[in-house]
Amino acid sequence: MSTIHQALSTAAAKAHALSGLAQAADGPTPRTFWMPEGASTIAPGVDHTLDVINWICYFFFALVVLLMVVFVVKYRHRKGERFRTEYPHHNTPLEVTWSIIPTIIVIGIFVVGFRSYLDIYTAPKNAFDIKATAQKWAWQFQYPNGAQSDDLYVPAGKPVRIVLRSSDVLHSFYIPDFRVKRDIVPGRYTYAWFQCDHPTGMPGKDVRDPNAATVDLPMGEGQRHALYCTEYCGTGHSKMNRFVYVLDEATFAQWMVDQSQWMDKIPEEELWFKAGPKLFSRCSQCHSLDGTNGIGPSWKGIVDRVKGYDFVGEGKKYGTWEDYVRTSILVPGEYVVPPYANAMPTFKGQLNDKAIDALIGYMQNLDKLDPKTGKLLPTLDPQTAQPATGAAK
Ligand code: HEC
Ligand SMILES: [Cu+2]
């Protein structure tokens with residue numbers, strides 16, 4: 001299998017190089033009428049297959065329409081004529097021709113398609129593994145050193161294998177610019193792999209245009225790649241939109257280290273406003289701060305509400321309200337707040353004690369946060385969370 005694969009992919013690479021379809025060394029293949037830009041090593045093969053099939057279709061479309069017009073004119077009914085020709089029943093040479101030629105074409109399509117298929121489905125052995133967990137309605141990416149992120153960050157110039165799992169329903173992992181799409185089935189691991197040789201740089205920096213001031217380039221404008229969930233069978237999959245950032249190897253290594261330690265550098269008492277808003281972005285699809293109830297209850301007034309539960313308090317099931325909140329995050333099904341469904345995913349293994357402390361502090365300080373964005377109020381000093389200059393303490 002692997003030798004066939006190697007032989008075929010070498011052949012494919014040679015064919016692409018010869019036909020000028022090889023990925024340009026200086027950047028992704030540009031966007032075409034049919035396809036977004038092609039930023040992975042398999043993109044040229046996929047696009048080539050599509051082109052071949054398209055051109056065959058154009059050819060036969062033109063042929064059929066042309067013959068139709070010619071026949072309509074040539075064999076049209078003329079006055080006083082009953083039949084212009086004998087009605088033909090059978091024509092062996094013609095039938096053999098229209099069976100053999102399409103068969104050859106279809107086999108050709110199969111060969112071209114199978115070649116890219118093998119490229120797409122067989123991850124190289126030295127691939128860099130990143131775990132992706134899909135859940136209603138978010139992605140969580142985990143890196144070998146324990147770092148986690150909501151957007152996908154990958155190293156440039158080496159194969160990356162994404163190990164996909166779902167913690168609830170079917171999802172589908174899709175990066176159009178990489179021509180990568182794979183379904184995610186609960187209770188099963190699936191893989192997707194790609195290699196992108198062109199760094200996009202960190203968010204907010206565009207390596208291809210260092211002078212570009214804006215972070216929010218429109219999709220397909222080159223700075224970053226869109227990542228979607230394409231399992232459109234529930235209400236929220238269409239909101240699982242994220243970005244892929246491709247970093248050169250040194251930047252990526254540094255990013256992974258920083259990302260795994262981002263909370264360690266923040267002092268305990270500053271966690272709620274320095275880490276809280278970022279952590280809350282993982283809860284905000286379901287919980288609001290402004291009193292609107294969504295998939296889950298709003299956090300407005302959560303501390304008082306929770307303290308009022310009859311199983312919270314000294315000597316009761318949860319000794320303190322913090323205990324209850326902590327359990328809600330790690331074992332959400334243990335107490336399901338009526339009238340809500342048991343729809344919250346567990347964050348066990350994803351949020352450590354420090355992160356949970358940050359969220360508890362966050363809930364205690366909701367009056368200092370913008371209820372719409374979940375960020376610290378702009379009137380407060382971002383370093384101390386105290387009213388900015390001059391205000392009395
Ligand atoms: C997919 C939606 C969803 C996400 C994401 C989510 N939750 Fe929830 N959450 C719910 C639902 C639904 C409930 C109510 C049912 C229950 O108690 O399980 C709930 C309940 C809670 C409760 C109990 C509230 C109460 O009034 O008793 C806490 C605390 C909580 N969530 C914290 C979090 C935190 C912290 C995060 C982010 C790290 C988060 N949730 C992310 C859906 C979600
Ligand atoms: Cu999904």
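Just follow the structure's listing: the first ligand is 1, and inside any ligand the first atom is 1. Source: prediction; values computed, not measured.
- The N/O atoms of Y340, backbone and side chain alike, include none that comes under 3.5 Å of an N/O atom in ligand 1.
- The closest donor-acceptor contact from the side chain of S166 to the backbone of H171 lies at 3.5 Å or more, if one exists at all.
- In P345, the part holding a heavy atom less than 4.0 Å from any atom of ligand 1 is the side chain.
- Not a single N or O atom of W137, backbone or side chain, sits closer than 3.5 Å to an N or O atom of ligand 1.
- In this structure, the protein non-hydrogen atom closest to atom 25 (C) of ligand 1 is Y309 OH, 3.2 Å.
- Of all the listed residues (V337, L359, V303, V325), V337 holds the heavy atom that lies closest to atom 24 (C) of ligand 1.
- Of the N or O atoms in R305, one or more lie within a sub-3.5 Å distance of an N or O in ligand 1.
- Counting atoms of ligand 1 from 1 in the listed order, those under 4.0 Å from a heavy atom of L351 are 38 (C).
- At least one N, O or S atom of H287 sits under 2.8 Å from atom 8 (Fe) of ligand 1.
- Scanning the protein for heavy atoms near atom 38 (C) of ligand 1, the closest one is C283 SG, 2.7 Å.
- When only non-hydrogen protein atoms are considered, atom 13 (C) of ligand 1 lies nearest to P297 CD, 3.6 Å.
- Atom OH of Y58 has more than 12 neighbouring heavy atoms from other residues, nucleotides or ligands inside a 6.0 Å radius.
- Residue L279 places no heavy atom under 4.0 Å from ligand 1.
- Residue contacts with ligand 1 for M344 involve both N, CA, C or O and side-chain atoms from C-beta outward (heavy atoms, distance under 4.0 Å).
- The ring of F114 has its center no closer than 6.0 angstrom to the ring center of Y121.
- Checking W321, W299, Y324 against atom 35 (C) of ligand 1, the nearest heavy atom belongs to W299.
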